[in-house]
Each structure stands twice: as structure tokens, then as C-alpha cells.
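Atoms within a ligand are numbered from 1 in the order they appear, just like the ligands themselves.
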Amino acid sequence: VSERVDVVVLGAGPAGEHALGILLEAGLRCAVVERELIGGECAYWACMPSKTLVRPPEVRGEARAAAGVGDPALSWPGVRDYRDVITRHWDDGKQIDEYVAQGVNVVKDAGRLDGPGRVRAGDEVIETDRVIIGTGSDAAIPPIEGLAESGYWTNREATALKEIPASAVVIGGGPVGVELGQFMARFGTKVTIVQGGPRLLEREDPALSDLLAGALRKDGITLHLGRQATRVARDGDVRVVTLDDGSEVRGEELIVASGRRARGRDAGLETIGVELDAHGAIPIDERCRVRGADNVWAIGDVTGVAMFTHVGKYQARVATADMRGRPAKADYRAVPRVVFTQPEIAAVGLTEAAARDQGIDAVGVTVDLAEEISRPVTYEENPRGCLSLIADRGKGTLAGAWACAPLAGEWIHWAVLAIRAELPLDVLADTIPQFPTYCEGYIAALRKLAAA
Ligand SMILES: Cc1cc2nc3c(=O)[nH]c(=O)nc-3n(C[C@H](O)[C@H](O)[C@H](O)COP(=O)(O)OP(=O)(O)OC[C@H]3O[C@@H](n4cnc5c(N)ncnc54)[C@H](O)[C@@H]3O)c2cc1C
């Protein structure tokens, strides 16, 4: 049994690491148990490599869109080498050293709860007052005949790729599938995306799905929407995917990007009498306490609340506040959702349809930014972009917003703040955005909303 600690952090993805940082600042004695790499999926196989990979082709796209700029060359070795720097060459030695220097007991092994107040990792048993579980999620693998035998990539192989494949079939038209698909297409891969649902980004407004589908087709991507993959086979080096209408699509690589599954099952919850939900997620309350347990919190993807790094980090702030006796209540009404394609897509809060389903007296307006404001024409030669606002007429506040335009992932935060703070629409309309910026789109949309 190792020295007793105040808190064990089980799983050191972005959620666990954020919690650990706060607890160390507060002077608590901590242990961290991590079975793979400190930094988790996000740092090595998800957000960080994917955003690093999409950026150079985006710059080229921007250069092509700006007047009078030549066509910059893209060098895959240069992009790949920089991706390897950003993913620390998949080595967490420096992170371990830094935590050890701060007095953290770092255990590199798979860990699990071993009854109340105990975490077991390999041969080590750590006794602790409190536990935070942040064991993340895995790629969900759909039950398609022949898939396992034929071999496939998940986000792991796709974000760590060494060479650009000549062709690839992507199963899944959510954020991961479209970002990876567009990146590969822009490096010359012949990409086919197969999406079971009738449209891309199914949780977003249908108008966004259409805008994105148009952009991806322009990049030369073939889309099969509303089509299920039913079988996979190999023809030499090529994967042949049969769709539910009997047609076939082919790719040198096959990428499965059809969602994530919370990784609750290995955390030993049964030793403290807690059952996982039907999706393998750990049930939590609004303070991120694990329901039915004392002194155990869960944060990040493993809670199944919203699988984003920023949500995991937010939950880390909520859980660590609660554990230190401070008021803590998670509020998920204003979670931004950005898809880092080009054009960039950003959304927050409810879509108009979801707001109506919740009984909200909702009204939505959409503005064409190139027509309404000046930034788009100074930004690119053939400007595009739109912003949609969804108002809650009963409360006089914003219920949701979405946008498809350059830098939308940055300026969506006007709406994030407005929704979170329940800012009255007239205060929002009485706010001064810098000229010429995309934020002026809010004023244009609010004027249209007032007239709606
Ligand atoms: C391709 C891709 C791109 C993405 N891009 C974005 C993005 O741009 N922005 C965004 O917000 N989100 C993005 N996401 C989602 C984001 O990666 C996750 O929401 C985030 O990584 C969740 O953080 P986490 O700490 O909960 O879990 P993880 O990052 O999954 O980390 C969990 C850690 O726990 C460890 N662990 C698991 N079980 C055990 C155990 N029993 N014992 C010890 N350790 C254990 C794991 O090894 C891992 O290190 C993306 C996802 C993918 C797949």
C-alpha cells in the first residue's frame, strides 16, 4: 500500500489533468493513475493532432480565397513532422517528470476502484479520501459483417498516419468523420463518406448539414447519405464496403468514425455498488458526484454528458470546487460545438427544432453575412457565411445560435456568453462589436429577430 493521498485522479486525459492541476494548486496531495499516456485521447489521437492536421490545408484554402494571393504549396512531410511535435512523439516522459517534481504519485498502469477509499493499479493499492474518475471514451465500432477481419482505422491510426492514402472510405458523417475526411481529401486522398443518417452532423440544424455537404463535395468528397454499410471485405489491399442499397464503395483505408463509447466499465464501480448507465457511462449529479457513491466524482467523456474536451475541463472545475466545499452546479445550456472544417461550423445551445420540442416559444432567423456586414468582403474575394439566432420569445433571451463562416469557432462565444448569462436580447443588441468583424453579424441578426 502506497502513502495515503487526499485525491486519486483515475485517468489523465484533459479532464483528469485539469482537475489535477487545480488540486495541486490548492495544496492537496494527489496520485494520478494512467494506463496509457498522460494527456489522454485529446493530446495524442484526437483534438490536438486533428486540429494541427486541418490547419495547413485551411491556410491554403484561405490563401486561395483572398484576392491576389498565390497558391501556397502543401508539404505532407512538413505537416506530419509538426503533428509529431504537437503530439510529443507520443511520449509523456516530460509530463510525468513535471508531476513527480510537484510531489504527485504517478502510477502508469490500469487502475480501478477497489472498494470505498481505495484504488488498485497493478500491484499498488492507494488509499485516498476522494477519487475523481476521468477514464474517457473509446471509438464505438459498429457491428458490420467482415469489419474486424478486413481491418480498419479508428481516430487513433487516422490522426497518427504517416503517409496519405490514395483513397479512403469514412464510415460516419459526424464531426470526426468530416474533419478527417476533408483533411485527407485536401491532401489528395479520394474520400468517400458513408453516413447512416440522412444528413451530416445530425444533431445540428439541417441548413448546416447542407452547407457542409456542399463544401465537402467541392473538395471532391463523395457522400453517401442515408446509407448503412452492411459488409466489408478485402480485395487485395483495398477495402470494399457494401452499402444497404447493394452498391459498393472502395478505399485503400477504411476509417470508422461512428461515435464514441464511454469507458466506465473498467473503473471498478461495482466495488462501490454503482451501476453504469445503458451506454457504459458513469451516472453523475449536477456536482459531478457519482450517483450512489460517497467521495467519488466523474468527469469528461466517461460521464457521457457531452464528449468534448471543454466539457470535461468544465466538469473538472465543478468537481474540484465541490470537493473543496464551494458551491458547484454544472450548467450545460451553453456548450459550444465547433467543427473545424472549412468553412468552419459553430453552434451553441438549442436548434430551433429542439427548442420547439422543449416547449419553448422559439423563433429563428438566419442572416447572410456577406450581405449584411463588411468583414466577409474584406476577408475573402467571394465571401460566404451565415449566422442563425434562435430566440426564446417568452424569456426574451437567446436559446441557441449557429454559424458557418470563417473563424466561427471564435466568435460563437458571443452567443455562448449570452445564453449562459441569460442576457436580455435588448442588452445584446445594445452591445458594440468592432467594425469590421464577424461579430457585427449578431447585430444584423438581432435586428431581423426584432422584426420577426
Ligand atoms: C478525432 C477526434 C477529434 C476531436 N476533436 C475535438 C476538439 O477539437 N475539441 C473538443 O473539445 N473535443 C474533441 N474531441 C473529443 C475529445 O477528444 C474528448 O472529449 C476528450 O479527449 C475527453 O477527455 P477525457 O479526459 O474525458 O478522456 P480521454 O481523453 O479519453 O482520456 C482518458 C484517459 O484515461 C485513461 N484511462 C482509461 N481507463 C483507465 C484505467 N482503467 N486506468 C487508468 N487510466 C485509464 C486513458 O488511457 C486516457 O489517457 C475529439 C475526438 C476525436 C476522436
Side-chain angles (χ1 to χ4, degrees), residues 8-20 31-55 87 90 92 95 106-114 119-122 124 126 131-140 153-161 170 172 174-184 255-269 280-282 284 288 298-316 319 335-341 344-346 409:
V8 171
V9 176
L10 181 57
E17 272 208 285
H18 196 51
L20 185 60
V32 62
V33 180
E34 168 53 54
R35 71 176 185 187
E36 287 190 273
L37 292 172
I38 305 250
E41 205 73 20
C42 173
Y44 303 97
W45 302 287
C47 333
M48 293 302 288
S50 65
K51 264 77 273 181
T52 306
L53 292 172
V54 301
R55 177 67 185 142
T87 51
W90 293 275
D92 62 354
Q95 280 61 40
V106 179
V107 182
K108 285 299 291 287
D109 213 327
R112 57 199 328 275
L113 291 168
D114 186 26
V119 172
R120 181 180 291 275
E124 198 163 337
I126 312 168
V131 179
I132 299 189
I133 304 173
T135 47
S137 64
D138 289 310
W153 283 0
T154 65
N155 63 293
R156 290 216 164 183
E157 295 77 14
T159 54
L161 84 176
V170 181
V176 173
V178 298
E179 284 181 9
L180 289 173
Q182 189 181 48
F183 142 72
M184 285 190 179
I255 301 168
V256 174
S258 51
R260 310 280 304 170
R261 196 183 44 164
R263 224 187 250 137
R265 67 199 172 284
D266 299 331
L269 270 303
I282 301 179
I284 54 167
C288 298
I299 57 178
D301 281 13
V302 75
T303 67
V305 171
M307 292 193 179
F308 295 110
T309 287
H310 43 285
V311 171
K313 291 174 76 175
Y314 174 63
Q315 292 175 319
V335 175
R337 309 181 295 270
V338 176
V339 185
F340 292 82
T341 44
E344 197 157 282
I345 285 173

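Atom 10 (C) of ligand 1 has its closest protein heavy atom at Thr309 N, 3.5 Å. When hydrogens are left out, the protein atom nearest atom 41 (N) of ligand 1 is Gly111 O, 3.0 Å; that is the closest non-hydrogen contact. Scanning all protein heavy atoms for the shortest distance to atom 43 (C) of ligand 1 gives Arg35 N, 3.4 Å. Nearest protein heavy-atom contact of atom 25 (O) of ligand 1 is Ala15 N, 3.0 Å. What sits closest to atom 48 (C) of ligand 1 on the protein, heavy atoms only, is Glu34 OE1, 3.5 Å.
Within the 4.0 Å heavy-atom criterion, the part of Ser50 lying near ligand 1 is the side chain and not the backbone. By the criterion of a heavy-atom distance under 4.0 Å, the side chain of Arg263, and not its backbone, is placed next to ligand 1.
When Gly136, Gly11, Ala110 are checked for heavy-atom proximity to atom 30 (O) of ligand 1, Gly136 turns out nearest. Counting heavy atoms only, Ala46 comes closest to atom 52 (C) of ligand 1 of the residues Cys47, Ala46, Ala306.
If you number the atoms of ligand 1 from 1 as listed, the ones under 4.0 Å from a heavy atom of Ser137 come out as 30 (O). Within ligand 1, counting atoms from 1 as listed, the ones closer than 4.0 Å to a heavy atom of Gly134 are 32 (C), 33 (C), 34 (O). Distances below 4.0 Å separate heavy atoms of Met307 from the following atoms of ligand 1: 15 (C), 19 (O). Listed by number with element, the atoms of ligand 1 under 4.0 angstrom from any heavy atom of Asn155 are 1 (C), 53 (C). For ligand 1, the atoms closer than 4.0 angstrom to any heavy atom of Lys51 are 5 (N), 6 (C), 7 (C), 8 (O). Close approach of ligand 1 to Leu10 is summarised as follows: ligand atoms under 4.0 Å from at least one heavy atom of the residue are 42 (N), 43 (C). Those atoms of ligand 1 that come under 4.0 Å of a heavy atom in Val176, given as number and element, are 1 (C), 2 (C), 52 (C), 53 (C). Residue Glu36 approaches ligand 1 through these ligand atoms, each under 4.0 Å from one of its heavy atoms: 47 (O).
In terms of polar-atom proximity, His310 is counted as a contact of ligand 1, with an N or O under 3.5 Å from an N or O of the ligand. Residue Gly39 has no nitrogen or oxygen atom sitting less than 3.5 Å from a nitrogen or oxygen atom of ligand 1, judged on distance alone.
Nearest heavy-atom pair, Ile38 versus Gln95, reported as atom, atom and distance to 0.1 Å: CG2-CB, 3.8 Å. The shortest non-hydrogen separation linking Gly409 to Val338 is CA-CG2, 3.7 Å.
The backbone N or O of Glu36 sits less than 3.5 Å from a side-chain atom of Lys108, completing a donor-acceptor pair. Within the 3.5 Å criterion, the main-chain N or O of Asp114 finds no donor-acceptor partner in the side chain of Arg120.
Atom CD1 in Ile282 sits 11.0 Å away from atom CZ in Arg265 (nearest 0.5 Å).
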(message) Between Thr154 and Glu157, does the side chain to side chain donor-acceptor pair (under 3.5 Å) criterion hold? Intermediate values first, please.
(response) CA-CA 6 Å; Thr154 65; Glu157 295 77 14; 3.1 Å; yes
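Ligand 1 has at least one atom lying under 4.0 Å from a heavy atom of Asp109. Heavy atoms of Leu37 approach ligand 1 to within less than 4.0 angstrom. At least one heavy atom of Arg260 sits less than 4.0 Å from an atom of ligand 1.
With respect to the salt-bridge test (charged N to carboxylate O, under 4.0 angstrom), the residues Lys313 and Glu17 do not qualify.
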